[in-house]
S.K.: 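Below is a structure I'd like to ask you about.
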Amino acid sequence: MDIALNTLFGFPVEKELAEEINTTAKRVQVEQGEEMIRPGQSLKYMPILIRGNIKVMRPHENGGHLLLYHLEQGQTCSMTLNCCMADAQSEIYAIAETSTELLMIPIHKMEEWMKKYHSWRKFILNSYHSRMMEMLESIDSIAFSHMDARLERYLSEKAHVQGKAQLSITHQEIAEDLNTSRVVISRLLKKMESEQKIQLHRNLIQLL
DNA sequence: ACATTAAGTGATT
DNA sequence: AATCACTTAATGT
């Protein structure tokens, strides 16, 4: 296995760490739509995303899931880190939004490397920081924005992680991610269309 | 041609 | 913003 860790992390990595990662990490391929982490599950590995993207959601009693954020290349899930370090169970639900490739690092390694390698510590702390900021953004948008703003944010994030301006998605699916009803989404999308922001088709939304 | 699923809309709370 | 009830449009069999 030979992965460009410098590119993945965004800064130089110690040679010894790169070697350790290459020998201990399991490289895993996950198909689109596959369930990766379930609430209540205890975690033995921390994932680092090599390719693709992952949807992280907070489950609710009524069976719905509220979208928290997406994970992209070079990122790891801070909720997972939390669980690993506290030896706790998952509070979140994660599925692969596209087919993805991951490095799975055993959690005991993760703690060991925190002490040994500066670049690893930096990677973990950076990850924590950026996940935390995204979480704050999500909280802001839920608490202080109305559904129209949340929807626009949702669409642009979706377009960003998929690298496309055409989203193959139904109004119902959007409604589930935002924990609202399909009717509301349909109305707001219709409004956006009349404002020339998007074009609507069956199972497809074209961003302009 | 018929059934099913996605999307659009007015009225009500 | 949510829900109901209904319509219309697109797709599958």
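Every chain is numbered from 1 and lettered A, B, ... according to where its sequence line falls, protein lines coming before strand lines.
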S.K.: Hey, are A:R182 and A:E176 close enough for a salt bridge, meaning a charged N less than 4.0 Å from a carboxylate O?
M.R.: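 The answer is no: the pair does not qualify as a salt bridge.
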
S.K.: Both A:R187 and A:H201 contact DNA chain B. Taking the nearest nucleotide for each, which residue is further toward the 5' end?
M.R.: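 Its nucleotide being nearer the 5' end, the pick is A:H201.
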
S.K.: Taking atom P of C:dA1 as reference, at what distance in whole Å does atom CD1 of A:I142 sit?
M.R.: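 From A:I142 CD1 to C:dA1 P: 13 Å.
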
S.K.: Looking at A:E20 and A:K116, is any side-chain nitrogen of the basic one under 4.0 Å from a carboxylate oxygen of the acidic one?
M.R.: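 Salt bridge present between A:K116 and A:E20.
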
S.K.: Can you tell me how far P of B:dT9 sits from CD of A:E193, to the nearest Å?
M.R.: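 Taking CD of A:E193 and P of B:dT9, I get 9 Å after rounding.
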
S.K.: Classify the nucleic acid contact of A:T170 as base, sugar-phosphate or nothing, counting any heavy atom under 4.0 Å across all strands shown.
M.R.: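 Sugar-phosphate: the residue A:T170, judged by heavy atoms under 4.0 Å, touches backbone atoms but no base.
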
S.K.: If I take atom CD in residue A:E176 and atom C1' in nucleotide C:dA2, what distance separates them, rounded to the nearest angstrom?
M.R.: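 Atom-to-atom, A:E176 to C:dA2, this comes out as 16 Å.
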
S.K.: Without decimals, in angstroms, what is the distance between A:L178 CG and C:dA2 P?
M.R.: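 Between P of C:dA2 and CG of A:L178: 10 Å.
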
S.K.: What's the NZ-P distance between A:K191 and B:dT9, to the nearest Å?
M.R.: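 Atom-to-atom, A:K191 to B:dT9, this comes out as 14 Å.
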
S.K.: Between A:E19 and A:K15, does any side-chain N to carboxylate O distance fall below 4.0 Å?
M.R.: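 No, A:E19 and A:K15 are not salt-bridged.
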
S.K.: By the definition side-chain contact (heavy atoms from CB on, under 4.5 Å), identify the one residue from A:L189, A:D177, A:V184 that meets it with A:L151.
M.R.: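 Per the side-chain contact (heavy atoms from CB on, under 4.5 Å) rule, the option paired with A:L151 is A:L189, out of A:L189, A:D177, A:V184.
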
S.K.: Looking at B:dT5, does its base get a donor-acceptor pair with the side chain of A:R202 below 3.5 Å?
M.R.: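 Flag set: donor-acceptor pair detected.
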
S.K.: Rounded to whole angstroms, how far apart are CD on A:Q172 and P on C:dA2?
M.R.: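 From A:Q172 CD to C:dA2 P: 13 Å.
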
S.K.: B:dT9 P sits how many Å from A:I185 CD1, rounded?
M.R.: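 A:I185 atom CD1 is separated from B:dT9 atom P by 16 Å.
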
S.K.: Under 4.0 Å: is that the gap between some side-chain N or O of A:H171 and OP1 or OP2 of B:dG8?
M.R.: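 Affirmative; the distance criterion is met.
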
S.K.: More 5' along DNA chain C: A:L188 or A:R182, using each one's nearest nucleotide?
M.R.: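 With A:L188 and A:R182 compared, the 5'-side residue is A:L188.
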
S.K.: Counting heavy atoms from C-beta on, name the nucleotide in B:dA7, C:dA2, C:dA1 closest to the side chain of A:S181.
M.R.: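 In terms of side-chain proximity for A:S181, the closest of B:dA7, C:dA2, C:dA1 is C:dA2.
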
S.K.: I need the CZ-C1' distance between A:R150 and C:dA2, as an integer number of Å.
M.R.: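 It works out to 14 Å between those atoms.
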
S.K.: Could you tell me whether the phosphate oxygens of B:dA6, OP1 or OP2, come under 4.0 Å of any side-chain nitrogen or oxygen in A:S186?
M.R.: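 For B:dA6, neither OP1 nor OP2 has a side-chain N or O of A:S186 closer than 4.0 Å.
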
S.K.: If the threshold is 4.0 Å, N to carboxylate O, is there a salt bridge linking A:R38 and A:E35?
M.R.: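 A salt bridge links A:R38 with A:E35.
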
